[in-house]
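What follows is a single structure, written as structure tokens, with notes after it.
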Amino acid sequence: MKTYDIAVIGGDGTGPEVTSEALKVSEAAARKFGFKLNWHPFDFGGERYLRTGEVLPDSAIDELRKFKAIFLGAVGHPQVKPGILEKGILLRLRFELEQYINLRPVKLFRTQDCPLKDKGPEHIDFVVVRENNEGLYAGAGGNLFKDTPNEIAVQESINTRRGVDRCLKYAFEVARKRRNGTPWKGLKPEDTAAGKTTQLTLCGKTNVLTYAFDLWFRAFQEMAPQFPTVKTDYAHVDAICMWFVKNPEWFDVIVTDNMFGDIITDLAAMIQGGLGVAAGGNINPEGTSMFEPMGGSAPKYTGHNVINPLAAINAAGMMLDFLGEEPAGAAIEAAAIQIINTKIKSLNAGQMGYGTTQVGDLVAEAL
Ligand code: IPM
Ligand code: MN
């Protein structure tokens, strides 16, 4: 039987609670589809840091590198200064394991969960491919004359041709493979006539950030001919924010830099029903990838069995899909949609009509 070894970092706050449900549903999928999952837990997070002063020992990175996938609950602890765990665990893993893609599907499962009037599941179904190793997150810059009236702070966005190209290539591939060649309904007749089946939008700010996005734009245009079925499109990041609200059906696949990707995916999460369902993957196609619910550790809900585990469950579905168990990934999503449509009152924490563990049970049973 095919066996997968997966590292698990439950993390802080409600992270461990949603992780348990994601593992429960994954186990149900493994039974149904005939494969085996071996979970390897790691206790990194705020509690360990407060107890031992250790965030993530170097040896842990080497140990985690041996896995093809890591499942991460959430990091962030109310007694730990903001930034320590985020940079020390999440960003460090993303960077050191070269998870250069942050893949965030945005899909509305049920009309009532969308805050936008007149939009339904047929309007909100796109994927954001966020560059995950460079840009403003690279940490370039510094402070001069700190704590004086003359203080200067510089924070630079790093964009390498290699980093941009590998991100664009991944995004073009996502677009090419989407819906197995069935044309996206947002295409115009002339696009279809030209052999296009999907659309990839570059999200940037070429009118102001003329160095960084000049590189992105040129690289995008140079790569496009290799993907003749993908229609290319460009939009500024501010306009994308407007259109996510007004015309989300205009988007199929979006590729963007690290900072813009961070911002637009929070907005996108809201139009798909909130952080209760939004999931993501930090992907290194040749190395160790890490899957996580998009939301944080929501410490105030810890231990109350009220947090929505569907985002973590969807992240587990993405992980199984990534590992090559595509039918299991698709079945998890279908089971989640089924219980949302038949049982769940609201996707918000505490308003689901069920507890965290019950929602996990329902999805596992539906599977
Ligand atoms: C995310 C989060 C992280 C980010 C934080 C926690 C460092 O907001 O995964 O989007 O900014 O990337
Ligand atoms: Mn974010």
Side-chain angles (χ1 to χ4, degrees), residues 9-16 18-19 22 44-46 49 55-56 69-106 126-141 155-159 163 167 203 237 240-241 244 254-284 288-302 307-308 310-312 314-316 318-319 322:
I9 306 172
D12 301 317
T14 52
V18 297
T19 299
F44 306 119
Y49 171 69
V55 183
L56 191 67
I70 303 169
F71 190 90
L72 174 70
V75 296
H77 192 290
Q79 276 135 266
V80 180
K81 195 169 156 246
I84 294 183
L85 302 168
E86 292 85 344
K87 281 192 180 170
I89 299 177
L90 182 61
L91 297 183
R92 182 143 178 245
L93 287 174
R94 287 180 184 174
F95 279 55
E96 293 217 19
L97 300 176
E98 268 197 80
Q99 294 163 343
Y100 60 87
I101 295 297
N102 197 320
L103 189 66
R104 296 187 162 176
V106 181
F126 59 89
V127 178
V128 178
V129 178
R130 164 184 172 190
E131 201 292 321
N132 211 29
N133 277 180
E134 305 192 332
L136 283 166
Y137 280 65
Q155 191 95 46
E156 288 159 313
S157 176
I158 304 298
N159 297 264
C167 176
C203 164
V237 62
I240 288 235
C241 289
F244 272 7
I254 297 169
V255 62
T256 191
D257 83 344
N258 208 342
M259 187 78 256
F260 290 165
D262 178 47
I263 297 167
I264 68 170
T265 54
D266 263 28
L267 177 54
M270 284 303 126
I271 66 170
Q272 74 170 124
L275 291 173
V277 282
N282 301 278
I283 296 178
N284 175 342
T288 304
S289 297
M290 179 165 74
F291 297 83
E292 50 172 345
M294 245 187 70
S297 58
K300 69 174 177 196
Y301 297 122
T302 308
I307 196 83
N308 187 345
L310 288 168
N314 288 335
M318 286 180 76
M319 179 173 75
F322 169 82

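Read the numbers this way: they start at 1 and go in the same order the structure lists the ligands and their atoms.
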Quiz item: To the nearest 0.5 Å, how far apart are OG1 in T256 and CD1 in I264?
Solution: 5.5 Å
Exercise. Run the numbers for me: atoms of ligand 1, each under 4.0 Å from some heavy atom of E86, listed by number.
Key: 6 (C), 7 (C)
Exercise. Please report the closest heavy-atom contact between F71 and A22, naming both atoms and the distance.
Key: CZ-CB, 3.6 Å
Exercise. Taking only heavy atoms of Y137 into account, list the atoms of ligand 1 that are under 4.0 Å away from them.
Key: 4 (C), 11 (O), 12 (O)
Quiz item: Can you list the ligand 1 atoms lying under 4.0 Å from a non-hydrogen atom of R94?
Solution: 1 (C), 4 (C), 9 (O), 12 (O)
Quiz item: So, the side chain of N133 versus the backbone of Q99: is there a donor-acceptor pair under 3.5 Å, distance only?
Solution: yes
Quiz item: Considering only N, O or S atoms, which atom of D262 is nearest to the Mn ion (ligand 2)?
Solution: OD1
Quiz item: How close do L85 and V75 get, heavy atom to heavy atom, and via which atoms?
Solution: O-CG2, 4.1 Å
Quiz item: Does R130 have a heavy atom less than 4.0 Å from any atom of ligand 1?
Solution: yes
Quiz item: Looking only at non-hydrogen atoms, which of N258, N132, D262, N102 approaches atom 8 (O) of ligand 1 most closely?
Solution: D262
Quiz prompt | M294 heavy atom under 4.0 Å from ligand 1 | solution = no
Self-check item: Protein contact of atom 3 (C) of ligand 1 - nearest heavy atom, named by residue and atom, plus distance
Solution: L90 CD2, 4.0 Å
Quiz item: Rounded to the nearest 0.5 Å, how far does CZ of R94 lie from CD of E292?
Solution: 5.0 Å
Quiz prompt | Residue of the set N282, N284, I70 for which side chain to side chain contact (heavy atoms under 4.5 Å, CB included) holds with L97 | solution = I70
Quiz prompt | Mode of R104 contact toward ligand 1 - side chain, backbone, both, neither (heavy atoms, under 4.0 Å) | solution = side chain
Quiz item: Just checking, R130 and Y137: is the charged tip under 6.0 Å from the six-membered ring centre and within 45° of the axis?
Solution: yes
